[in-house]
Asks: 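Right, I'll just put the structure down here and ask away after.
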Number of protein chains: 2
Amino acid sequence: MTSPRPLRADAARNRKLLLAAAADEFDVRGLDVSVADIARRAGVGKGTVFRHFATKDDLVAAIVLDRITALTETGGELLTAADAGAALLEFLSAVAREMQHFDLMHLQRAAEFDPELSQAQERLFRHVHALVERARSSGAVRTDITGADVVALMCAPKHAASSLPDAPPDLWQRYLAIIFDGLRPAGAHPLPQPPPSSP
Amino acid sequence: MTSPRPLRADAARNRKLLLAAAADEFDVRGLDVSVADIARRAGVGKGTVFRHFATKDDLVAAIVLDRITALTETGGELLTAADAGAALLEFLSAVAREMQHFDLMHLQRAAEFDPELSQAQERLFRHVHALVERARSSGAVRTDITGADVVALMCAPKHAASSLPDAPPDLWQRYLAIIFDGLRPAGAHPLPQPPPSSP
DNA sequence: CCATAATCGGACCGTGCGGTCCGGTTACCG
DNA sequence: CGGTAACCGGACCGCACGGTCCGATTATGG
């Protein structure tokens with residue numbers, strides 16, 4: 001795809017270092033760490049960053065693309081699991097684990113001008129819809145929610161947990177459990193507002 | 001408190017214009033609109049902004065303080081409502097309506113160096129705890145959640161809704177309903193992870 | 001081992017931000 | 001109505017960021 005020439009050895013190594021450093025830094029300190037910081041963390045000059053990724057946005061796009069792809073794969077495997085409800089829960093756990101500080105808003109904005117990322121996003125959302133559909137028809141989740149609803153709520157557990165200072169790193173599991181209980185059919189109350197149509 | 005001298009007429013007017021313009025701009029375009037934009041929107045020079053609010057953070061603190069205070073008042077009134085469960089739901093609706101783009105993380109960071117804001121936050125959280133306690137002992141919400149859990153989840157509905165592009169402005173009601181169903185005792189599954197201790 | 005082409009890295013640039021300053025203006029008070 | 005103190009606003013400053021450039025360096029193929 002993007003390999004008209006086999007990268008030189010040190011170049012390939014630096015690229016990996018950069019991706020790792022950037023992923024780390026983004027996860028810990030948010031999306032607006034400076035490129036200089038990332039370069040320093042990778043033990044590399046700032047110019048090297050821009051040789052590999054023309055712009056900072058390209059760098060975050062590369063990382064997000066990796067994670068989206070990984071999640072899509074996970075979702076694909078879970079599509080054939082026996083327990084559809086457990087599969088959906090497992091998938092949402094994977095999202096929380098993988099997405100750290102990236103939430104949908106960032107993804108949407110990044111995908112807006114990157115067709116590759118946009119396609120990856122679409123593939124992921126298609127899997128979410130399928131997982132939800134299976135869980136719905138198996139009776140594991142209520143029938144009045146849609147895939148788009150789950151997409152919207154996907155990042156909520158992680159976000160809720162990290163909005164508290166000094167939160168233990170696994171607290172998101174608690175909020176995923178609460179939200180997932182809200183998705184179950186048992187004791188469900190009718191929902192106001194129609195489901196969103198977009199994704 | 002902060003009135004050693006009664007503000008001059010035009011100064012008071014400009015201050016109000018500024019607060020309104022800033023609140024608007026923050027809600028629509030997020031927390032990082034430039035001070036210059038806010039000034040222009042208020043029909044005022046940039047210097048005037050800094051005369052009224054020594055720093056940009058002070059400006060957002062003033063707005064957040066207003067909203068926190070309003071929410072605290074709402075919470076206080078709801079504490080004497082007949083239906084404790086409905087009161088909690090109503091309160092969470094008020095939060096979603098009032099908080100727009102401000103989530104807890106911003107609040108925490110702003111409160112860190114502003115004792116007044118920090119106290120206001122504490123008062124608000126105390127009311128949340130009380131509302132949750134009442135709802136719990138009336139059987140409206142499950143017994144294994146705490147006030148801190150609700151604090152963490154407070155901003156989730158709005159955040160989930162606004163993570164979708166082209167979402168209708170009231171979509172948060174749908175996600176509040178889902179999450180609130182997750183807080184009910186009916187069909188609740190045991191929760192992993194202990195509740196957070198912090199707020 | 002050398003020629004060469006690709007890569008490296010840090011000095012450098014433009015921009016836009018938060019924040020300061022001061023001459024001109026305007027509201028208050030006697 | 002005049003003196004004065006407060007306020008207004010925009011020119012200005014320093015800084016940090018994303019992004020560029022080019023001389024030094026290094027991996028690679030013959």
Side-chain angles (χ1 to χ4, degrees), chain A residues 2-26 28-64 101-102 106 109-110 112-114, chain B residues 2-23 25-26 28-64 101-102 106 109-110 112-114 117:
Chain A
T2 322
S3 59
R5 184 172 306 229
L7 228 46
R8 222 170 77 174
D10 54 345
R13 207 199 45 188
N14 273 345
R15 190 191 155 90
K16 290 206 171 182
L17 280 177
L18 269 173
L19 280 172
D24 252 35
E25 209 76 6
F26 285 149
V28 174
R29 306 176 37 177
L31 228 20
D32 43 9
V33 288
S34 74
V35 175
D37 280 355
I38 294 172
R40 197 172 324 124
R41 187 110 137 77
V44 140
K46 203 170 61 161
T48 306
V49 180
F50 289 102
R51 174 170 327 281
H52 288 284
F53 307 95
T55 188
K56 182 183 178 177
D57 288 338
D58 285 356
L59 175 54
V60 338
I63 293 176
V64 173
H101 270 200
F102 303 99
H106 298 132
R109 220 183 39 186
E112 200 158 334
F113 295 118
D114 185 331
Chain B
T2 322
S3 59
R5 185 172 306 230
L7 227 46
R8 221 170 77 174
D10 53 347
R13 206 200 45 186
N14 274 345
R15 190 191 155 90
K16 289 208 172 182
L17 280 177
L18 269 174
L19 280 172
E25 208 77 6
F26 284 150
V28 174
R29 305 174 40 174
L31 228 19
D32 43 8
V33 288
S34 74
V35 175
D37 280 356
I38 294 173
R40 198 172 324 125
R41 187 111 137 80
V44 142
K46 204 170 61 160
T48 306
V49 181
F50 289 102
R51 175 170 329 282
H52 288 284
F53 308 94
T55 187
K56 182 183 177 178
D57 288 339
D58 285 356
L59 176 54
V60 338
I63 293 176
V64 173
H101 271 199
F102 303 100
H106 298 131
R109 222 183 36 186
E112 201 158 334
F113 295 117
D114 184 331
L117 196 52

Asks: From the set dG18(D), dG9(C), dT20(C), return the single nucleotide nearest to any side-chain atom of Val44(A).
Replies: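 Given the options dG18(D), dG9(C), dT20(C), the side chain of Val44(A) is closest to dG9(C).
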
Asks: In whole angstrom, give the distance that lies between atom NE2 of His52(B) and atom C1' of dG9(D).
Replies: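 To the nearest whole Å, that distance equals 12 Å.
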
Asks: If you compare every side-chain N and O of Thr48(A) against the phosphate oxygens of dT7(C) (OP1, OP2), does one of them come in below 4.0 Å?
Replies: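 Checking Thr48(A) against dT7(C): no side-chain N or O falls below 4.0 Å of OP1 or OP2.
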
Asks: Output a table of donor-acceptor pairs, distance under 3.5 Å, between side-chain atoms of residues 34-50 of chain A and any protein atom two or more places apart or on a different chain; print 'none' if there are none.
Replies:
from, atom 1, to, atom 2, distance (Å)
Ser34(A), OG, Asp37(A), N, 3.1
Asp37(A), OD1, Arg40(A), NH1, 3.3
Asp37(A), OD1, Arg40(A), NH2, 3.3
Arg41(A), NE, Glu25(A), OE1, 2.3
Arg41(A), NH2, Asp24(A), OD2, 3.0

Asks: Any residue in residues 33-40 of chain B with a heavy atom nearer than 4.0 angstrom to DNA chain C? Just list them by number, or reply none.
Replies: Val33(B), Ser34(B), Val35(B)

Asks: Take the C1' atoms of the five end pairs on each side of the helix from dC1(C)-dG30(D) to dG30(C)-dC1(D), get both axes, and report the angle to 10 degrees.
Replies: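 That helix gives 10° between its end axes.
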
Asks: Can you tell me the distance, in whole Å, between the CG atom of Asp58(B) and the C1' atom of dT20(C)?
Replies: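 Rounded to the whole Å, the gap is 16 Å.
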
Asks: Atom NZ of Lys56(A) and atom C1' of dT15(C): how far apart are they, to the nearest Å?
Replies: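 It works out to 15 Å between those atoms.
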
Asks: Starting from C1' on dA6(D), measure out to CZ on Phe50(B) and report it in whole angstrom.
Replies: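 From Phe50(B) CZ to dA6(D) C1': 20 Å.
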
Asks: What is the distance from CG of Asp32(B) to C1' of dG18(C), rounded to the nearest Å?
Replies: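 Distance check: Asp32(B) CG to dG18(C) C1' gives 13 Å.
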
Asks: What heavy-atom pair brings Val33(A) and Arg29(A) nearest, and what distance separates the two atoms?
Replies: CG1-CB, 3.6 Å

Asks: Mind calculating the distance between NZ (Lys46(A)) and P (dG10(C)) to the nearest angstrom?
Replies: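 It is 11 Å, rounded to the nearest whole Å.
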
Asks: Would you mind listing every salt bridge (Lys or Arg N to Asp or Glu O under 4.0 Å) that reaches into residues 48-58 of chain B, with sequence neighbours excluded?
Replies: none

Asks: Kindly say if Thr55(B) contacts the phosphate of dG19(C), meaning a side-chain N or O under 4.0 Å from OP1 or OP2.
Replies: yes

Asks: Leu59(A) has an atom CG; how far is it from atom P of dG19(D), in whole Å?
Replies: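 Interatomic distance, CG of Leu59(A) to P of dG19(D): 10 Å.
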
Asks: Roughly how far apart are Lys16(A) NZ and Arg13(A) CZ, rounded to 0.5 Å?
Replies: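 Going from NZ on Lys16(A) over to CZ on Arg13(A), the span is 12.0 Å.
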
Asks: In Å and rounded to the nearest 0.5 Å, what is the CZ to CD1 distance from Phe53(B) to Ile63(B)?
Replies: 7.5 Å

Asks: I'd like a list of close polar pairs between nucleotides 27-30 of chain D and the protein, N/O only, cut-off under 3.5 Å.
Replies:
from, atom 1, to, atom 2, distance (Å)
dT28(D), OP1, Ala9(A), N, 3.4

Asks: Using whole Å, report how far CG of Asn14(A) lies from P of dG10(C).
Replies: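 Those two atoms, CG and P, are 12 Å apart.
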
Asks: Looking at residues at least two apart in the chain, or sitting in another chain, which of them share a side-chain contact (heavy atoms from CB on, under 4.5 Å) with Ala61(B)?
Replies: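 Counting only residues at least two positions away or on another chain, Ala61(B) forms a side-chain contact (heavy atoms from CB on, under 4.5 Å) with Asp114(B), Leu117(B).
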
Asks: Which distance, rounded to the nearest 0.5 Å, do you find between the CG of Leu18(B) and the NE2 of His52(B)?
Replies: 6.0 Å

Asks: For Gly45(B) and Arg51(A), find the nucleotide of DNA chain D closest to each by heavy atoms; which residue's nucleotide sits nearer the 5' end?
Replies: Gly45(B)

